[in-house]
Amino acid sequence: MMKHQRIKLIRLALGLSVALSLVLSSPARPAAQETVKATQPEVVLSAKDKELVAAFEGRVKDYARVREDIEEKMTSLPKEATPEQIEAHKAAFKEAVRAARAAAKQGDVFTPATAEFIRTTILDEFRGQDRADFVKAAMEAETQGVPLRVNYPYPEDKEMLEVPPTLLLRLPQLPKQVKYRFVGRHLLLVDRENTLIVDYMTDALPFAATPAPITAEGAAAEGAPVSAPAPVKSLVDLTLPLKKDSLRFAVIGDTGTGTEKQRELAELMYGVHAAFPYEFVLMLGDNMYGGEKAEDFKEKFENVYKPLLDAKVKFYASLGNHDESNQRFYELFNMNGEEYYRFEKGGISFYALNSNYMDKRQLKWLEETLAKDTSKWKIAFFHHPPYSSGGKHGSSTSLRKIVEPVFLKYGVDVVLAGHEHFYERIKPQKGIYYFISGAGGKLREGDVQQGSPLTEKAYDKDMSFMIFEATGDELHFQVISRTRETVDSGFITNTKAKAKPATAGN
């Protein structure tokens, strides 16, 4: 067991926004940063382009009306649906829409003129390193076997490439039922719920790169059998204060594999819960890998975390790039039918965001909801990390450009993300604390770049999870590996109320 470190964090007031600053055993502290104004990029279109965009948006709305008419005649899914209900509804809905659009063909929505406009927009949006980073992400996405066919299901076991928010704000806007999805260099319109490909355009990314293979069929991978875990016999040494009436919760990301190591980590989580009875768990996305049939929810989630679920621990999920929108109806994910949502516990506001698709609608909701939030602590959790030292992915800079100004403007204190299959605590950025906890079901060993200026603490040798305890003005955290080692711990002090002076401890 390595030596535990306690880190004292103090909060600094910054103009109209309040920021945090970490006090380490070293005297060095991050410098104060100017408040960044939350803005959306302005796009000026010619009269011709406005007409073209309006026509495209009209065609997408025509599709939305067709599927709405079908959906209205079907029995609605409850906000807390069983996996069997979700699967049956999705299948029936899919077949009904396919039958109604039997004559649909490529180019019905993405006309040649629209496709050219979108290619030009993408080319204008990405320059320099941003372009290189996006092309790298597009080409590395696990999209082999995705069909390039109109009115054909997008395979549920294939990941969803994050569409950069800066690009989403420039592309023609879509109704809530439809979303953009990149497959290699190609751009698809996909129905959020029935996963049908509404239309597609080729070579949407006009960059020199090898496109991902496209086939006529996609096969869903089946998960391995999972047995219910048992509690561990011994516990880790807790560094948290265990105060009466404190709020306690856990954090875990990238879980949905159903592997033996995921079950072992779940057993440890259950064992820790016996000594540290946390109320709920935040899930940071990629909740299901390799398929989303009813048995997948059972084998990769329900069976794995059964002791915690039996102990009435609630799980609050956010969506990752391997997750389908229908997860929002799954009763045990407590999303209440929404891809992004807010809940409050013990005076803390928790914001679950969909970082795959940070469009205008979600950004507007986030700003409006934060603007009237008077909670002492505001914590955002989602999948893609705005800051990361990962060699495989790294920082989601496009997402950061959009959400960080909003976080700063409205005083978000802590940001929790996954996607990277390791743990990392980022040095405070403009007063906000960023954590990555993406090793709940997968591990990318040795992926943290050594000597990264972002890293305060990192662990990429084994899988891990986090536990938190909020005690008024202090938010304590501890990171525990599958091998029961405490790999990081400390606490953050909130100065929205008057902060008490304190010293860092080991």
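What you see is a predicted model, and the numbers here were worked out from it, not measured in a lab.
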So, for [X] and [Y], which heavy atoms are closest and what is the spacing to 0.1 Å?
{"X": "Leu196", "Y": "Pro153", "result": "CD2-N, 3.8 Å"}
{"X": "Val313", "Y": "Leu309", "result": "O-CD2, 3.9 Å"}
{"X": "Phe382", "Y": "Ala380", "result": "CE2-CB, 4.0 Å"}
{"X": "Leu284", "Y": "Ala417", "result": "CD1-O, 3.3 Å"}
{"X": "Asp323", "Y": "Gly285", "result": "OD2-C, 3.6 Å"}
{"X": "Ala100", "Y": "Val66", "result": "CB-CG1, 4.2 Å"}

- Considering the options Phe333, Tyr316, Phe381, which one meets the side-chain contact (heavy atoms from CB on, under 4.5 Å) requirement together with Met283? Phe333

How many angstroms lie between [atom1] in [X] and [atom2] in [Y], if you round to the nearest 0.5 Å?
{"X": "Met288", "Y": "Leu319", "atom1": "CE", "atom2": "CG", "value": "11.5 Å"}
{"X": "Glu292", "Y": "Lys300", "atom1": "CD", "atom2": "NZ", "value": "8.5 Å"}
{"X": "Arg444", "Y": "Asp254", "atom1": "CZ", "atom2": "CG", "value": "8.5 Å"}
{"X": "His89", "Y": "Thr82", "atom1": "NE2", "atom2": "OG1", "value": "12.0 Å"}

State plainly whether the residues [X] and [Y] are in salt-bridge range, i.e. N to O under 4.0 Å.
{"X": "Asp108", "Y": "Lys105", "result": "yes"}
{"X": "Glu71", "Y": "Arg65", "result": "no"}
{"X": "Lys372", "Y": "Glu368", "result": "no"}
{"X": "Arg342", "Y": "Asp373", "result": "yes"}
{"X": "Asp62", "Y": "Arg59", "result": "no"}
{"X": "Glu302", "Y": "Lys306", "result": "no"}
{"X": "Glu420", "Y": "Lys392", "result": "no"}
{"X": "Arg192", "Y": "Glu339", "result": "yes"}

Using side-chain hydrogen bond (donor to acceptor under 3.5 Å, both in side chains) as the criterion, list what pairs up with [X], not counting sequence neighbours.
{"X": "Asp199", "answer": "none"}
{"X": "Lys345", "answer": "Glu279"}
{"X": "Gln177", "answer": "Glu68"}
{"X": "Ser389", "answer": "Glu424, Ser452, Thr455"}

- Item | Donor-acceptor pair, side chain of Ser375 and main chain of Lys378, under 3.5 angstrom | no

- Hey, does the side chain of Asp413 reach the backbone of Ile379 with a donor-acceptor pair shorter than 3.5 angstrom? no

Just jot down the ring-ring contact (aromatic ring centres under 6.0 Å, His included) partners of [X], sequence neighbours excluded, or say none.
{"X": "Phe350", "answer": "Phe249, Phe280, Phe343"}
{"X": "Tyr340", "answer": "Trp365"}
{"X": "Tyr387", "answer": "Tyr434"}
{"X": "Tyr63", "answer": "none"}

- Task: Could you walk me through whether Ser388 and Ser395 pass the side-chain hydrogen bond (donor to acceptor under 3.5 Å, both in side chains) test, one step at a time?
- Result: CA-CA 4 Å; Ser388 167; Ser395 303; 5.5 Å; no

Would you say the side chains of [X] and [Y] form a donor-acceptor pair under 3.5 Å?
{"X": "His384", "Y": "Ser355", "answer": "yes"}
{"X": "Gln327", "Y": "Asn287", "answer": "yes"}
{"X": "Tyr341", "Y": "Asn334", "answer": "no"}

- Message: Test of understanding: with side chain to side chain contact (heavy atoms under 4.5 Å, CB included), list the residues that count as partners of Ala294, not counting sequence neighbours.
- Response: Pro83, Glu84, Glu87

- Gln449: side chain to side chain contact (heavy atoms under 4.5 Å, CB included) partners, not counting sequence neighbours: none

- Determine, stepwise, if the pair Arg361 / Lys176 fulfils side chain to side chain contact (heavy atoms under 4.5 Å, CB included). CA-CA 9 Å; Arg361 187 181 293 106; Lys176 64 181 181 180; 3.9 Å; yes

- Item | Stepwise side-chain hydrogen bond (donor to acceptor under 3.5 Å, both in side chains) test for Asn321 and His419 | CA-CA 8 Å; Asn321 53 296; His419 195 46; 3.3 Å; yes

- Taking the six-membered ring for Trp, is the centroid-to-centroid distance between Tyr200 and His186 below 6.0 Å? no

- Does the side chain to side chain contact (heavy atoms under 4.5 Å, CB included) test come out yes or no for Tyr180 and Leu187, once each step is laid out? CA-CA 7 Å; Tyr180 294 108; Leu187 181 63; 3.9 Å; yes

- Item | Arg119/Thr202 under side chain to side chain contact (heavy atoms under 4.5 Å, CB included): CA gap, chis, key distance, verdict | CA-CA 10 Å; Arg119 288 189 191 98; Thr202 59; 4.2 Å; yes

- Begin from the C-alpha positions of Lys409 and Glu367 and carry the test side chain to side chain contact (heavy atoms under 4.5 Å, CB included) through to its verdict. CA-CA 9 Å; Lys409 182 176 180 180; Glu367 289 211 60; 4.2 Å; yes

Using atom types as modelled, flag every donor-acceptor pair under 3.5 Å from a side chain in residues 47-58 to any protein atom, sequence neighbours excluded.
{"from": "Asp49", "atom 1": "OD2", "to": "Ser46", "atom 2": "OG", "distance (Å)": "3.4"}
{"from": "Glu57", "atom 1": "OE2", "to": "Gln173", "atom 2": "N", "distance (Å)": "2.9"}

- Query: Does Arg263 make a cation-pi contact with Tyr305 (under 6.0 Å, within 45 degrees of the axis)?
  - Reply: no

- Item | For Asp69, salt bridge (Lys or Arg N to Asp or Glu O under 4.0 Å) partners two or more places apart | none

